[in-house]
Number of protein chains: 4
Amino acid sequence: MNIHSGMTELSRATTEEGRSLKRDAILEAALELFSERGFHGTAVPLIAEKAGIGAGTVYRYFESKEAIVNALYQHHKQDLADRMIRGIRAEQSPREQFHHYWAILLAFVRENPKAFEFLELHHHSPYLDDASRALEQRIFEMARSRFEEFRRQRVVKDVQPEILMSIAHGAFVGLVKACGQERLVLSEKAMADAEQCVWEAIRG
Amino acid sequence: MNIHSGMTELSRATTEEGRSLKRDAILEAALELFSERGFHGTAVPLIAEKAGIGAGTVYRYFESKEAIVNALYQHHKQDLADRMIRGIRAEQSPREQFHHYWAILLAFVRENPKAFEFLELHHHSPYLDDASRALEQRIFEMARSRFEEFRRQRVVKDVQPEILMSIAHGAFVGLVKACGQERLVLSEKAMADAEQCVWEAIRG
Amino acid sequence: MNIHSGMTELSRATTEEGRSLKRDAILEAALELFSERGFHGTAVPLIAEKAGIGAGTVYRYFESKEAIVNALYQHHKQDLADRMIRGIRAEQSPREQFHHYWAILLAFVRENPKAFEFLELHHHSPYLDDASRALEQRIFEMARSRFEEFRRQRVVKDVQPEILMSIAHGAFVGLVKACGQERLVLSEKAMADAEQCVWEAIRG
Amino acid sequence: MNIHSGMTELSRATTEEGRSLKRDAILEAALELFSERGFHGTAVPLIAEKAGIGAGTVYRYFESKEAIVNALYQHHKQDLADRMIRGIRAEQSPREQFHHYWAILLAFVRENPKAFEFLELHHHSPYLDDASRALEQRIFEMARSRFEEFRRQRVVKDVQPEILMSIAHGAFVGLVKACGQERLVLSEKAMADAEQCVWEAIRG
DNA sequence: CATGAATGAGTTTTCATTCAT
DNA sequence: AATGAATGAAAACTCATTCAT
């Protein structure tokens, strides 16, 4: 019903690139449903209804249900990557850079919790296409090269960067999930504490 | 990947408790399919085929598809909890206890990677029944009381225990996922490194 | 037998109340099949085929197979009751009123033999819902109060009205069944004879 | 559970003809289930369970589910016919003969209400075989010839005998159904009243 | 003989997709 | 462009019947 409430972000990106409001409404609706009920648990007519359009209209904007999930994955994954890259300052200390990483993730989750949940849930799903997989790989490589640089600089522990990345990202996901299960509130204090903990896990 | 590693455990439970071989074959097949394709993405006839039985036979052992997912959840969740509790020694130092925790999780994942993936994927799914939810809650409370005790003893950091738990568990899950995506091998060295990292995240 | 005789009525209701032609085609087909083969003996795709539509389409008009049987029951039961009530004249003699009753039933059977068979067959079936049962009860009470009045007026025999009602209605049903088995033709003469017989059964 | 309660009648016929106790248990169970839930609404394994035997055992005694329904139909239809014929006395007045007819039907219903319900429900079902239909036809012809004789003797009204038969039998069925719906109790008084009513419907 | 586990064809129902309007 | 009714393939589930024990 309140189609416009969560739409702001997508709508902006949309008009720039000439995408339609309806396409966004579909993505918005699908995001919520996919993150709550999963891909196979979500019927296309339900997406259409939530988007406030006819079921057939969905297929004017997307070739198939899989195309929707891939568009969502790529949109939000890219958005998150862009935010990460945008704020980086070479002059920052490693601890400051880690704080930046943590703060960006947290801001993303707060603005768009469904999108974060969606990205985690659909990681490496069989219905993700090559473009989604390639994007995921590109972003991973970017992050790894940064961690390798940190390792060379003795800023982080001298262990495989994949281990440190998995710990840091996994820990963040763990915190978000705990929040989703209402076992935790992602307050400023809590996230600052958590940030420091995770920093101590990886710092050299 | 390793079908047989995960089979041993179920097979044992079977002969001990008089459960049928066919019931186990169904659980075995369903575990693999559910963890790969999700609940809604797995058709019952597919489970039957993988189990080497007729589609109708599934319903001689389980009331519904939901009953299968709940039987799996409860079986493996309980198994993991039992392993955790069994090996605990009061005389161990906190660091030793953390090592125990880490080692048990690692052993579980190695023996039964599909089961671990399954438990993570189906956490808080809407098709889990009250028994599954109650079991999950009981295990969570047990873990929290231990972390609260550690906090009182100044063994871990003086932050909400839920934060430390989420970090430790989330980090472990992150490592397992990285392994699932073949970005990491859960070698002895890697997991020993990771264990130390995570310990440093939570220690007081 | 006479498919068109029974169709008129539904078709009329349809255009009046804006119901769809397809919905009526489903009801038409279901009526015939249910009255011939029973509820459990009739598969939904068979209804769809007879209605000239796809199997899935049935579920755009009815929630379930049970919803179809209840829609049919309520529609035809109400129709029969309406006809009964409509033609009643207070100034008529009891014998004339009995003739009215008999004539209405006969006209109903002739126009819509399947519907009459259906109503008799599905009387008090476990799949009838509360609305169907309530309607049935209301109509029964109406008829009983009339018989009670007749009894007070010494127009009918001084026996329980339920007995007289059961005899009169049962006799009529018996005649219709004999016709269905082709042992009898419901000719004017035959039904006039029968009417007089039944009147003599109940008259005071 | 109380398999033996209603069995007496069938059991007697059984031992005489070398039929087994198990066969009777199947018929007993099937009678109850068919009359309550209909043919298609009754699962064979349910019959077996109610009969206290294994599902496969049913097929040692009956070729198919249809064979059970036909055995039941023929058994009870023949039983009812036998009772009718047995008690007839040529020296009785027509009114006495009608009383005999009424009393036999009533005794049958009281002893074996399920069987009566079953016979009415399965009248002219598509799954009745030729033997069942032939038996039904034979009994009908017998009854008709008697009514024709009565007509010639001016004992009953000078109308088609099929009409009088339908009225008399239909009225009886109507009374039994009213009893089944708990709208009537088949007390001595009620049935004596009803008998007289129906007699007045047909008497010359 | 008796069984009951096993099954595959059949049931009711859902849904991704199409297409006439 | 937009629709939403229509659909058939496929889903979950049932059951008459068979057959190894």
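Proteins get letters first, then strands, A, B, ... in listed order; numbering begins at 1 in each.
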Calculate the interatomic distance between [X] atom [atom1] and [N] atom [atom2]; express it in whole Å.
X	N	atom1	atom2	answer
B:Lys65	F:dA12	NZ	P	4 Å
D:Leu33	F:dC15	CG	P	12 Å
D:Ile47	E:dT3	CD1	P	15 Å
A:His40	F:dA9	NE2	C1'	16 Å
C:Ile68	E:dT11	CD1	P	15 Å
A:Glu49	F:dT3	CD	P	13 Å
A:Leu46	E:dT14	CG	P	13 Å
B:Leu21	E:dA6	CG	C1'	15 Å

Name the nucleic acid region contacted by [X], choosing base, sugar-phosphate or nothing; use a 4.0 angstrom heavy-atom cut-off, strictly under.
X	result
A:Ala55	base
D:Phe62	nothing
D:Val44	base

- Message: If the threshold is 4.0 Å, N to carboxylate O, is there a salt bridge linking C:Glu28 and C:Lys114?
- Response: no

- Complementary nucleotide for E:dA9 - Watson-Crick or wobble, under 3.5 Å: F:dT14

- Message: Could you tell me the Watson-Crick or G-U partner of F:dA20, where both distances fall under 3.5 Å? Say none if there is no partner.
- Response: E:dT3

- Message: Can you work out whether C:Val58 or A:Thr57 has the more 5'-proximal nearest nucleotide on DNA chain F?
- Response: A:Thr57

- On DNA chain F, nearest-nucleotide positions of A:Ile53 versus A:Pro45: which is more 5'? A:Ile53

- Say you draw a straight line from CG of B:Leu119 to CG of B:Leu72; how long is it, rounded to the nearest 0.5 Å? 9.0 Å

- Check the pair C:Leu128 / C:His123 against side-chain contact (heavy atoms from CB on, under 4.5 Å), numbers first and verdict last. CA-CA 8 Å; C:Leu128 289 189; C:His123 227 246; over 6 Å; no

- Query: When you match A:Phe39 and A:Arg60 each to their closest nucleotide on DNA chain E, which lands nearer the 5' end?
  - Reply: A:Phe39

- Query: Mapping A:Gly56 and A:Gly41 onto DNA chain E by nearest heavy atom, which one lands closer to the 5' end?
  - Reply: A:Gly41

Among [options], which nucleotide has an atom closest to any side-chain atom of [X]?
X	options	answer
D:Lys22	E:dT3, F:dA11, E:dT13	E:dT3
C:Tyr59	F:dT3, F:dT18, E:dT13	E:dT13
D:Ala43	E:dA2, E:dT17, F:dC15	F:dC15

- Task: Determine whether the aromatic ring centres of A:His40 and B:Phe39 lie less than 6.0 Å apart.
- Result: no

- Query: For A:Glu120, does the CD atom have more than 12 heavy-atom neighbours from other residues, nucleotides or ligands under 6.0 Å away?
  - Reply: yes

- Presence of A:Tyr61 side-chain N/O under 4.0 Å of F:dA2 phosphate oxygens OP1/OP2: yes

- Task: Using the C1' atom as the reference point in each nucleotide, state the distance between F:dT21 and E:dC1 in Å, no decimals.
- Result: 12 Å

- Task: Step by step, work out the side-chain contact (heavy atoms from CB on, under 4.5 Å) result for B:Lys50 and B:Leu33.
- Result: CA-CA 9 Å; B:Lys50 201 178 184 83; B:Leu33 290 165; 3.8 Å; yes

